[in-house]
Amino acid sequence: MKQLALTSFCALILAVPSLAKALDRPNILWITSEDNSISWISSYGAKNAKTPNIDQLAQEGFRYLHCFDNAAVCAPTRSTWITGHYAISIGTQPMRSRYDIPHDRISYYPDQLKKAGYFVGNGGKTDFNIGGRSDKDTWTGGGSWEKRATGQPFFTIKNIGDSHESRAFPKNTPVRNDPAKMKLHAYHPDLPDVRQTYARYADAVENMDRKVGEVIASLKKDGLYDDTIIVYCSDHGGVLARSKRFLYSSGTHCPLIVRIPEKWKQWWPAEKPGMTVDRIVSFVDMPKTWISLAGGEVPAGYQGSIFLGPNLEPAPKHHLSFRERADEACDMVRGMRDERFAYLKNYMPWAPNGQQLRYMYTMTATRAWHKHHQEGKTDAITGRFFRPRVSEEFYDTVKDFDNVHNLINSRKHSKKIEELKAALRKRQLELFDSGLLPEEMRVRRAKENNLTIYEMVRDPKLYPLARYLDISDRALSRDPGYLSSFVKALSDPDEGIRYWAICGIFLLERDAKSALAAIKTALKDEAGEVAMMSAWAMDKLGHKETADATLESLKNHKRSDKRLYECLLRWMGREVFVPSAPKRNTRRAGKAVPGLVKTWQIIGPFDDKTSNTLETFAPAFAKDAKWKPITKGFEPSRIDIQANIGEHDDCSAFVRTTVTSLKKQTVNLQISADDYVRAVLNGKLVEGKQVALRRGGNELILKVVDHKKGWRFTCAFTQGGKPVEGLSYTVK
């Protein structure tokens, strides 16, 4: 009998090659935390927070010394992660842009893992910033490995949001860590509000570390610890202003720790656990590496290097990073670095790092810093954040991790600077860097040619990248010797060339006075981006009324970048940004929602933030569930249930009501939430907007997810835009 079973098992393996390959492969658990650089992990020498669980993982695994994010902010980073392509290469680098890519040419790495026989789960790591495909489409399940088939290896992401930027926002709660003991970055002034924010974030990082420990404990409890490669890293740096979103070390240098069980010791990147690894790892390397570890087929277009496992590739000599629009703040920076030195090129140096970005200014420390600067109390280092920038920066990140001593003019480092500049240009050409046109200009050009940005930038007739790199280099040099060539380029048929020409003229300021006639002509350029920079150049030369008239005419320009225009008004001082403290629990009430349901009970909070299957609603059906009535927080447009069960971060909650209908009928269910909400009606997961109500009682349960605090949601039953008549709502 045993022989028969063995024979059948072997036959199954031969019949399913992907299963045969998967059986000798490890499980992979990828634990990600949000927004923390190595500056907050104690095994990397950080002083402000204690992270014993991550430190223990480092003792049992290998700690990488040179792991860097490519984008310094979440959505473009996740574009890079899910596709194995640099976001600038596929056009998804602006924050929350969700531009389309050719999905028939670019597969997501979980697709390849599934082909290799793996169960792929994702516990909260979506926001891929890509259009044309749902973020949840590629995943088999949430962050749990229990749903895999018997014997099936798993790849699972456990994302921990406790260290997110929002955790450093002001709260009326005490901090555990002592603000007086916080070690500040050199660029932050020593102010009470700055120290208080540091301490609050240190608390948040320690909460994150505790959850890392809980995830690992769960793996051990299930007997999977010695069959699973554990990877821990953050999704980028952070979190106080000038780290997250910026290409300095505190924004891109991330912790990376990998634990590999003894049975795969041939893959150890160093002699024994507890040791460090000097190799450069860029985030773009990770998708290719995960597929390789799983024995899958790596797509030919993937742009990273395999840094672990049986198919190890040579380490890259350099790391590329990039910054573009983050929320409402327009910018463009490219960075190239090695293990020690970092070169940054500011393609929009007229924009200060500390420009308006309301989310960043929600933090008490940012507002206090800005006020300190406005009062004239900052120095050359602490005040630089709020001033226009130089075109190029170069740092020795070992001696100067905070990147406050710009060595770009150092003769001692001239060879290294030239090496990194040449490497940057070479990589930009190889990747078809899509950022050399203003965001809306590149979108227009792709749309007018019925192409994705990915396809457009690979057509040299539509996107002559080498020309753009050449003229942008001349513009950023601020060399008056190029003035005549800029004037000539203002007549070029390519609006991208004209844009960089006027940028070069603008940066020359008074040295561009002889080009006044050409600037006046450019005020009427059909490309709004050219006209607005021309207006600013006129303003710099003392022609304020002409500049203002042009800016007024650009308000509703059809061929222009609206976000860039709004930023330019702020940079010029035409619209002054005055940061103010956010008002707590006073979100603006919208218009009344017809048929808003106000009778609910609640149970929560829960750590599980998935809601894509009926199984995730299990706690709501438990017999011992302790439901509480909702009695506060109603607005005409939504329900705010934060007041009932306290303030919680990055959690889910269930709410329920009984809907009594006088007849069997089909109605519209209108639900929305700040982050995510999913509904179950009469035990079935709701798909779409229309639902069928049976006569009598109908049990409706919502699972509401909020990544910040509280649970705010809207729920209504409508027909033809009006409340459904004859419905009543009760709670058990």
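Note that the structure is a prediction, hence the values are computed from the model and not measured.
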Distance alone, cut at 3.5 Å: any donor-acceptor contact between the side chains of [X] and [Y]?
X      : Y      : result
Ser33  : Tyr232 : yes
Thr92  : Asn129 : no
Asn403 : Glu393 : no
Asn353 : Arg323 : no
Glu34  : Ser234 : no
Gln356 : Tyr361 : no

Exercise for review: Hey, can you tell me if His253 and Phe401 have their rings parallel, tilted or perpendicular (30° and 60° cut-offs)?
Suggested key: tilted
Are [X] and [Y] within salt-bridge range, i.e. N to O under 4.0 Å?
X      : Y      : result
Asp203 : Arg167 : no
Arg325 : Asp331 : no
Lys50  : Glu206 : no
Arg478 : Glu509 : no
Arg425 : Asp470 : yes
Lys317 : Asp338 : no
Glu566 : Arg570 : no
Arg474 : Asp479 : no
Arg96  : Asp127 : yes
Arg78  : Asp235 : yes
Lys426 : Glu430 : yes
Asp379 : Arg384 : no

I'd like to know if the side chain of [X] and the backbone of [Y] have a donor-acceptor N/O pair within less than 3.5 Å.
X      : Y      : result
Ser79  : Phe128 : yes
Asp178 : Ala180 : yes
Arg389 : Ala351 : yes
Asn346 : Val390 : yes
Tyr201 : Ser163 : yes
Trp40  : Gly238 : yes
Ser282 : Val284 : no

Review point. Which residue, Lys416, Arg340, Lys412, forms the salt bridge (Lys or Arg N to Asp or Glu O under 4.0 Å) with Asp396?
Key: Arg340
Revision key, fill the gap. By ring-ring contact (aromatic ring centres under 6.0 Å, His included), Tyr44 pairs with (sequence neighbours left out) none
Exercise for review: Not counting sequence neighbours, which residues clear ring-ring contact (aromatic ring centres under 6.0 Å, His included) with Tyr64? List them please.
Suggested key: Phe307
Check your understanding: Do Tyr359 and Phe169 have their ring centres less than 6.0 Å from each other?
Key -> yes
Listed by chain and number, what are the side chain to side chain contact (heavy atoms under 4.5 Å, CB included) partners of [X], not counting sequence neighbours?
X      : value
Ser321 : Leu247, His319
Asp400 : Tyr395, Asp402, Val404, His405
Gln374 : His370

Practice item. State which residue, out of Glu324, Arg442, Gln93, Gln428, fulfils the side-chain hydrogen bond (donor to acceptor under 3.5 Å, both in side chains) condition with Ser434. Key: Gln93
Check your understanding: Would Asn207 and Arg176 count as a side-chain hydrogen bond (donor to acceptor under 3.5 Å, both in side chains) if you check the C-alpha gap in whole Å, the side-chain angles of each, and the deciding distance to 0.1 Å?
Key -> CA-CA 11 Å; Asn207 290 339; Arg176 295 191 305 270; 3.3 Å; yes
**Study point:** Shortest non-hydrogen contact from Asp561 toward Glu440
**Key:** OD2-N, 3.0 Å
Check your understanding: side chain to side chain contact (heavy atoms under 4.5 Å, CB included) with Tyr187: which of Phe385, Trp369, Tyr248?
Key -> Trp369
Review point. Among Arg563, Glu529, Met348, Met332, which one satisfies side chain to side chain contact (heavy atoms under 4.5 Å, CB included) with Pro438?
Key: Glu529
Mind listing the side-chain donor-acceptor pairs of residues 53-62 below 3.5 Å, one per line with the distance, residues two or more places apart or on another chain?
unit_1, atom_1, unit_2, atom_2, d
Asn53, ND2, Asp209, O, 3.2
Asn53, ND2, Asp209, OD2, 2.9
Asp55, OD1, Ser42, OG, 3.3
Asp55, OD1, Ser43, N, 3.0
Asp55, OD1, Ser43, OG, 3.1
Asp55, OD1, Thr51, OG1, 3.1
Asp55, OD2, Ser42, OG, 2.5
Gln56, NE2, Glu60, OE2, 2.9
Glu60, OE1, Tyr225, OH, 2.4
Glu60, OE1, Arg259, NE, 3.1

Review point. Between Tyr499, Trp536, Trp571, which is the residue that forms a ring-ring contact (aromatic ring centres under 6.0 Å, His included) with Phe506?
Key: Trp536
**Study point:** CA sep, side-chain torsions, deciding dist, call: His413, Phe341, side-chain contact (heavy atoms from CB on, under 4.5 Å)
**Key:** CA-CA 9 Å; His413 298 296; Phe341 296 102; 3.7 Å; yes
Exercise for review: Would you please test Asn159 and Thr32 for side-chain hydrogen bond (donor to acceptor under 3.5 Å, both in side chains) and show each step?
Suggested key: CA-CA 5 Å; Asn159 183 57; Thr32 56; 2.8 Å; yes
**Study point:** Euclidean distance, Leu465 CG relative to Asp433 CG, rounded to 0.5 Å
**Key:** 6.5 Å
Review point. Please walk me through it: do Arg279 and His66 pass side-chain contact (heavy atoms from CB on, under 4.5 Å)?
Key: CA-CA 6 Å; Arg279 176 188 177 114; His66 307 294; over 6 Å; no
